[in-house]
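Below is one structure; the comments refer to it alone.
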Amino acid sequence: MNTSAESSPVLVQQCPVCDAPLRVGTFRSGETVCGKCGHVIWYQKRMVDDVAIIDAISGIVAINTDIERVSKSLIAEPAKAHVILNLSYLKFISSAFVAGMIALQKRIRAAEGRLILCGMHPIVRETLHGARLDTYFEICESEQDALDKLS
Ligand SMILES: [Zn+2]
């Protein structure tokens with residue numbers, strides 16, 4: 001559970017799953033829920049050409065519970081899912097979050113897409129390394145490196 005309720009540096013203006021507009025200025029990490037689809041907002045989505053960039057803004061929300069919905073919204077893009085998960089806003093991630101990333105990776109790979117993680121804080125990297133997942137995921141230092149890899 002998230003009890004810190006920190007404000008996010010990112011202003012999420014619409015639900016990244018169903019595109020419903022969110023009330024601007026009300027975002028609280030792990031607390032903002034889309035009124036339309038019920039998704040707990042933990043990321044915002046940006047498109048750069050055909051690549052979906054996900055800025056994770058809460059590393060505590062149990063994303064594995066809604067990963068089905070999230071991966072569907074990503075794989076629904078007309079081109080094969082190319083997804084960059086930018087973790088630079090997160091200082092740590094929960095084990096539920098890691099489980100969610102694994103589930104996301106599996107679904108994107110099953111759809112012949114590609115997922116690249118970038119912007120990892122040293123503690124986040126250590127978490128993945130400790131779980132021996134730093135070779136399971138494709139990892140780039142920066143978002144630009146990830147974009148270059150996918151182009
Ligand atoms: Zn929604």
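Both ligands and their constituent atoms are indexed starting at 1 by order of listing.
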* Search all heavy atoms of Arg114 against all heavy atoms of Lys149 and return the closest pair with its distance. =>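 In terms of heavy atoms, the two residues are closest at NH1-O, 3.6 Å.
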
* What orientation do Tyr43 and His39 show, parallel under 30°, tilted 30 to 60°, or perpendicular over 60°? ->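 Taking His39 first and then Tyr43, their aromatic rings stand perpendicular (interplane angle over 60°).
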
* Asked: Taking it one step at a time, do Val12 and Thr32 satisfy side chain to side chain contact (heavy atoms under 4.5 Å, CB included)?
  -> CA-CA 10 Å; Val12 185; Thr32 299; over 6 Å; no

* Provide the tally of protein N/O/S atoms nearer than 2.8 Å to the Zn ion (ligand 1). => 4

* Tell me yes or no: between the side chains of Asp50 and His82, is some donor less than 3.5 Å from an acceptor? =>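 No pair is found: no donor N or O on one side chain lies under 3.5 Å from an acceptor on the other.
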
* When you check the gap from the basic side-chain N to the acidic O, do Arg46 and Asp55 get nearer than 4.0 Å? -> yes

* Applying side chain to side chain donor-acceptor pair (under 3.5 Å), which residue pairs with at least one partner in residues 101-110 are found, sequence neighbours left out? ->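 Output for this query lists Glu68-Arg107.
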
